[in-house]
Colleague: 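One structure, as structure tokens, below. Some questions next.
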Amino acid sequence: MKAGFIGTGSMGSILIEAFIHSGAFNPEQIIAGNRTIHKVEMLAERYPGLQVARSNKEVVQESDLIFLCVKPSEFKKVIDEIKEDVLPSQFVVSITSPVLIKHLEGLLPAKISKVIPSITNYVLSGATLCIHGNRMQPEDKEWLENLFAHISSPISVSENYTRISSDLSSCGPAFLANFLQSFIDAAVEATGISNEEATLLASEMTLGTGKLLTTGGFNPISLQKRVSVPGGITEEGLRILEEELAGVFSRVIIATHAKYEEDLEKAEHRFTLKQ
Ligand SMILES: NC(=O)c1ccc[n+]([C@@H]2O[C@H](COP(=O)([O-])OP(=O)(O)OC[C@H]3O[C@@H](n4cnc5c(N)ncnc54)[C@H](OP(=O)(O)O)[C@@H]3O)[C@@H](O)[C@H]2O)c1
């Protein structure tokens, strides 16, 4: 099995590194291409054996499984470049939410899936959202999800829920980090605790909370109940959070969905333009 990557920016390189670190692929099983070739050359230096492709066509010709890791605006260009070389026996995985599977299936004869990763996959953690196209047979889905299980918890989602699922899983780390930074900044300002110490405490707390919510038998509601005894200090803090954060996440979701609709429209336009 040879895996090819088109685009080795932030997410393409995270996937390559996570697959290698997890043992899912040896560097020799990977071929990668990128518009700015220097990025792939750096990966090949770090992972001897990884093959640097000189074109996107070369990636396709050498691979059984092809990951498309470019931004939505670059998709159509890449598809036009590779479509003559893609075979029905190959697997193509797109990691981009606003490019719909129907568009990819319309242009490429391969078995198509959309798998939305998360930066958390870099530490072999977090979810990957799996949305499979019509040509993916049950055994193909199982095989692909088993591959992603090396670096994540693969979760099947409907394409209708791609955006909200990505908000939670892929944007979530940034949202949570933003919340934590506000907490840390306030702690430093109010008490003089060092930024370093507050950051360490907040990070350890986040790791432990993640474990409680995944393997520790808690959900977000039961965890709040468990930590806050009636009349206690946590309850005071939660009261303020509930007053101040009311409606914030509804606004966040409205904003992410509005941007998604914009991206969807642009992607749709690019894919339906006459050849
Ligand atoms: N970032 C996340 O946390 C995240 C999570 C889930 C999904 N995604 C999705 O992943 C996709 C990629 O995001 P990203 O954050 O990795 O973006 P990025 O860092 O900008 O990487 C995109 C890469 O694609 C390369 N590229 C552009 N056009 C190309 C072409 N014609 N042929 C070959 N390579 C080309 C770019 O090369 P250059 O070096 O020349 O710019 C760049 O390295 C996006 O659609 C995003 O929605 C991202």
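Atoms within each ligand, like the ligands themselves, are counted from 1 in listed order.
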Colleague: With a 4.5 Å heavy-atom cut-off, do K76 and L107 have their side chains touching?
Modeller: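 Yes, close enough: below the 4.5 Å cut-off.
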Colleague: With only distance considered, is E81 within less than 3.5 Å of ligand 1 through an N or O on each side?
Modeller: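 No - when backbone and side-chain N and O of E81 are compared with those of ligand 1, no distance drops under 3.5 Å.
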Colleague: Nearest protein heavy-atom contact for atom 38 (P) of ligand 1: which residue, which atom, what distance?
Modeller: T36 OG1, 3.4 Å
Colleague: Nearest to atom 17 (O) of ligand 1, what protein heavy atom do you find, and at what distance?
Modeller: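 Protein heavy atom with the smallest distance to atom 17 (O) of ligand 1: K71 CE, 3.6 Å.
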Colleague: Which residue and non-hydrogen atom of the protein lie closest to atom 32 (N) of ligand 1, and at what distance in Å?
Modeller: N56 ND2, 3.1 Å
Colleague: Counting both backbone and side chain atoms, is some N or O of M11 under 3.5 Å from an N or O of ligand 1?
Modeller: yes
Colleague: Centre-to-centre under 6.0 Å for F67 and F19, is that the case here?
Modeller: yes
Colleague: Among all protein heavy atoms in this structure, tell me which lies nearest to atom 11 (C) of ligand 1, with the distance rounded to 0.1 Å.
Modeller: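 Going atom by atom, the protein heavy atom closest to atom 11 (C) of ligand 1 ends up being V70 O, 3.6 Å.
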Colleague: Please state whether S118 comes within less than 4.0 angstrom of ligand 1, counting heavy atoms only.
Modeller: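 Judged by the 4.0 Å heavy-atom criterion, S118 does not count as contacting ligand 1.
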Colleague: Would you please indicate if the ring centroids of F91 and H132 are separated by under 6.0 Å?
Modeller: no
Colleague: Just to confirm my output: which protein heavy-atom neighbour is closest to atom 25 (C) of ligand 1, and how far is it?
Modeller: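 For atom 25 (C) of ligand 1, the nearest protein heavy atom is N34 OD1, 3.1 Å.
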Colleague: Quick test: of every protein heavy atom, which one is nearest to atom 21 (O) of ligand 1, and how far off is it to 0.1 Å?
Modeller: G9 CA, 3.3 Å
Colleague: Taking the side chain as every heavy atom from C-beta outward, state whether V86 and P109 have any pair of such atoms under 4.5 Å apart.
Modeller: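 Counting from C-beta outward, V86 and P109 do come under 4.5 Å.
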Colleague: Distance alone, cut at 3.5 Å: any donor-acceptor contact between the side chains of S222 and N219?
Modeller: yes
Colleague: Please could you name the atoms of ligand 1 that P117 approaches to less than 4.0 Å, counting only its heavy atoms?
Modeller: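 So the answer, numbered in order with elements, is 5 (C), 6 (C), 7 (C).
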Colleague: For R135 and A110, indicate whether the former's side chain and the latter's backbone hold a donor-acceptor pair under 3.5 Å.
Modeller: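 Yes; judged by distance alone, with no hydrogens or angles, the pair exists.
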Colleague: State, without any angle test, whether E145 and S156 hold a side-chain donor-acceptor pair at a distance under 3.5 Å.
Modeller: yes
Colleague: Between P98 and K266, is any pair of side-chain heavy atoms under 4.5 Å apart?
Modeller: no
Colleague: My understanding is that we take every heavy atom of each candidate and find the minimum distance to atom 45 (O) of ligand 1. Doing that for T96, V78, T120, I116, which one comes out nearest?
Modeller: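 The option holding the nearest heavy atom is T96.
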Colleague: For residues 225-236, run the donor-acceptor check on the side chains, cut-off 3.5 Å, and write out each pair with its distance to 0.1 Å, sequence neighbours left out.
Modeller:
| from | atom 1 | to | atom 2 | distance (Å) |
| --- | --- | --- | --- | --- |
| S228 | OG | Q224 | O | 2.7 |
| E235 | OE1 | G231 | N | 2.9 |
| E236 | OE1 | R239 | NH2 | 2.9 |

Colleague: For atom 22 (C) of ligand 1, which of S170, C69, S166 has the closest heavy atom?
Modeller: C69
Colleague: Of all the atoms in ligand 1, which lie at a distance below 4.0 Å from a heavy atom belonging to K39?
Modeller: 38 (P), 39 (O), 41 (O), 42 (C), 43 (O)
Colleague: Does atom 41 (O) of ligand 1 have any protein heavy atom closer than 4.0 Å?
Modeller: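 Within 4.0 Å: yes, protein heavy atom nearby.
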Colleague: How close does the nearest protein non-hydrogen atom get to atom 34 (N) of ligand 1, and which residue and atom is it?
Modeller: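 Going by distance alone, atom 34 (N) of ligand 1 is nearest to R35 N, 3.0 Å.
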Colleague: Answer whether the closest heavy-atom distance between the side chains of D85 and N56 falls below 4.5 Å.
Modeller: no
Colleague: If you define the side chain from C-beta out and look only at heavy atoms, does anything of I116 sit under 4.5 Å from S165?
Modeller: no
Colleague: Have a look at A53, P72, S10, A32 and point out the one with the heavy atom closest to atom 15 (O) of ligand 1.
Modeller: S10
Colleague: Tell me the protein heavy atom at minimum distance from atom 7 (C) of ligand 1, and give that distance in Å.
Modeller: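 Checking every protein heavy atom, the shortest distance to atom 7 (C) of ligand 1 gives I95 O, 3.3 Å.
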